[in-house]
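Structure first, then comments.
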Amino acid sequence: MIQYRELQSREDLEGMQALERIIWDMEPIPLHQTMTAIKHGGVIVGAFDRENLIGFSYGFAGFSDGKAYLCSHMLGVHPDYQSKKVGEALKYHQQTFAAKRGFTHMVWTYDPLEARNGYLNLTKLGAVSFKYLENCYGEMTDGLNAGLPSDRFEVHWPTTASRSEIDFPEPESLADIVWVNEMPLLTNIRKVGSAQSYTMPIPKDFQALKKQDPKLAIQWRLDSRKLFQELVANDYCAIELKQDRDWHSYIFVKKSEVYYGGTAL
């Protein structure tokens, strides 16, 4: 039975550092930073299997456009516990703690070509993205990000209301995927027009593609970047990632169609 609680002690945060090293094989966040964050509005939630920390979601206070929000900067789950809904539960617990502190919404980023993250953030949690950040963190050297520009979707998730159902017609496709030597290639790329909704395909497993063909991974980054930026520039918002057998597809609708509890974004 997994238990969830806030991380508040130095011992807790040292456990978080150890888990960061296991998950990403990189230097962890300094203790002085995480300790300061939780003393000034930040929220770090831990997932425990008995006494063992097996996951965490780390966030600190942010402020923009007259509103305070929680920047949920990092989510990590031990490899032995991934794909077991631990990450999803961590986000929901963090959302609850954030609402109690008075935050109106949560914000974080993820790589739009990472299908697992897109499915969690948009489809499961009901968050949305209407910002695309080109090379957000500059050059990164960890195993997941090395060798590629660190492009990111910025995710927006209100703390006190769920996303309302959106009624839209069959989306138009912005591109197709063809298979060459068992590798997926983006082709037949179209321009964004005035449709109410669009679909945009991405690889099912971008990390596997990157290991097999690093040049193709870069091509995917650059080609998809153009489409994502064009969608955002035309006020479209990513609301869902649909899973198919061979690839996955984002669904974009006009931002003006998105409501949370009757309130527009």
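Keep in mind the model is a prediction, meaning the values are calculated, not measured.
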Item to check | Steps toward side-chain contact (heavy atoms from CB on, under 4.5 Å) verdict (L75, L120) | outcome: CA-CA 12 Å; L75 173 72; L120 168 63; 4.0 Å; yes
Heavy-atom donor-acceptor pair, [X] side chain to [Y] backbone, under 3.5 Å:
X	Y	value
W157	L125	yes
K204	A115	no
Y198	L231	no
E20	I29	yes
Q95	P158	yes
S57	V45	no
R190	S173	yes

Checklist entry - Do K254's NZ or CZ and the ring of Y236 fall within the cation-pi criteria of under 6.0 Å and 45°? => result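 Here K254 passes the 6.0 Å and 45° test against Y236.
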Any Lys/Arg nitrogen of [X] or [Y] sitting under 4.0 Å from an Asp/Glu carboxylate oxygen of the other?
X	Y	result
R10	E14	yes
E6	R101	yes
D111	R221	yes

Next on the checklist: Less than 3.5 Å apart, any donor N or O on the side chain of Q33 or Y58 sitting next to an acceptor on the other?
Outcome noted: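 Y58 and Q33 do have a side-chain donor-acceptor pair below 3.5 Å.
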Checklist entry - Measuring from C71:SG to E154:CD, what's the distance to the nearest 0.5 Å? => result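 It is 8.0 Å, given to the nearest 0.5 Å.
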Next on the checklist: I'd like to know whether the aromatic ring centres of Y250 and F228 sit less than 6.0 Å apart in this structure.
Outcome noted: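 Between F228 and Y250, which both carry aromatic rings, the centre distance is below 6.0 Å.
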Next on the checklist: Tell me if the aromatic rings of W108 and Y69 count as close, with their centers under 6.0 Å from one another.
Outcome noted: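 No, ring centres 6.0 Å or more apart.
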Checklist entry - Can you list the steps and then say if Y4 with F48 is a ring-ring contact (aromatic ring centres under 6.0 Å, His included)? => result CA-CA 6 Å; Y4 298 87; F48 290 84; 8.9 Å; no
Checklist entry - How about K131: does its NZ atom have over 12 heavy atoms from other parts shown lying under 6.0 Å from it? => result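 Not buried by this count: 12 neighbours or fewer within 6.0 Å.
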